[in-house]
Amino acid sequence: MARIQGHFTVEGIGGYVIAASTGALRVYNNKHWIGDVAFGAGLGILCTKLAYKLYEPISRKMHNKQSKRTNTVYPYYNGQQGGLALTIQL
């Protein structure tokens, strides 16, 4: 959130506090090893940074100014199976 808004917000700090608390409690209750929690946190941060870096170039290619076409890709899960859905509006 700080990257989008340019400054830290209560929501952003709250999100990190909740995530850190969840990780600490998972380790404390012997549900995960500390290495698992640290790897998961690092992977989440890496994926977020990668998404911010790739969003603009991909968005420019998919949303041409001359075209009125809209493309959307989103994940889904219905309780039994999951996947990616692609919608294209021509």
- Message: Is it the case that over 12 heavy atoms from other parts of the model lie below 6.0 angstrom from the OH atom of Tyr76?
- Response: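 Enclosed: over 12 neighbouring heavy atoms sit under 6.0 Å from OH of Tyr76.
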- Message: Could you check whether atom CD1 of Ile34 has more than 12 heavy atoms from other residues, nucleotides or ligands sitting under 6.0 Å from it?
- Response: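 At most 12 heavy atoms, drawn from other residues, nucleotides or ligands, come within 6.0 Å of this atom.
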- Message: Any non-hydrogen side-chain atom of Leu86 less than 4.5 Å from a side-chain atom of Ile88?
- Response: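 The answer is yes, as the side chains (C-beta and beyond) meet within the 4.5 Å cut-off.
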- Query: Taking all atoms of both residues into account, what is the closest heavy-atom pair of Gly44 and Thr48, and its distance?
  - Reply: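 Closest approach of Gly44 to Thr48, heavy atoms only: O-OG1, 2.8 Å.
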- Query: Just by distance, do the side chain of Asn29 and the backbone of Lys31 share a donor-acceptor pair under 3.5 Å?
  - Reply: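 Not confirmed, Asn29 side chain does not pair with Lys31 backbone.
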Mind checking the [atom1]-[atom2] spacing from [X] to [Y]? Nearest 0.5 Å is all I need.
X	Y	atom1	atom2	answer
Tyr28	Asn30	OH	CG	9.5 Å
Leu50	Ile45	CG	CD1	13.5 Å
Ile18	Glu11	CD1	CD	11.0 Å

- Query: Is Tyr74 linked to Tyr77 within one hydrophobic cluster, defined over Ile, Leu, Val, Met, Phe, Trp and Tyr using a side-chain heavy-atom separation of less than 4.5 Å?
  - Reply: no
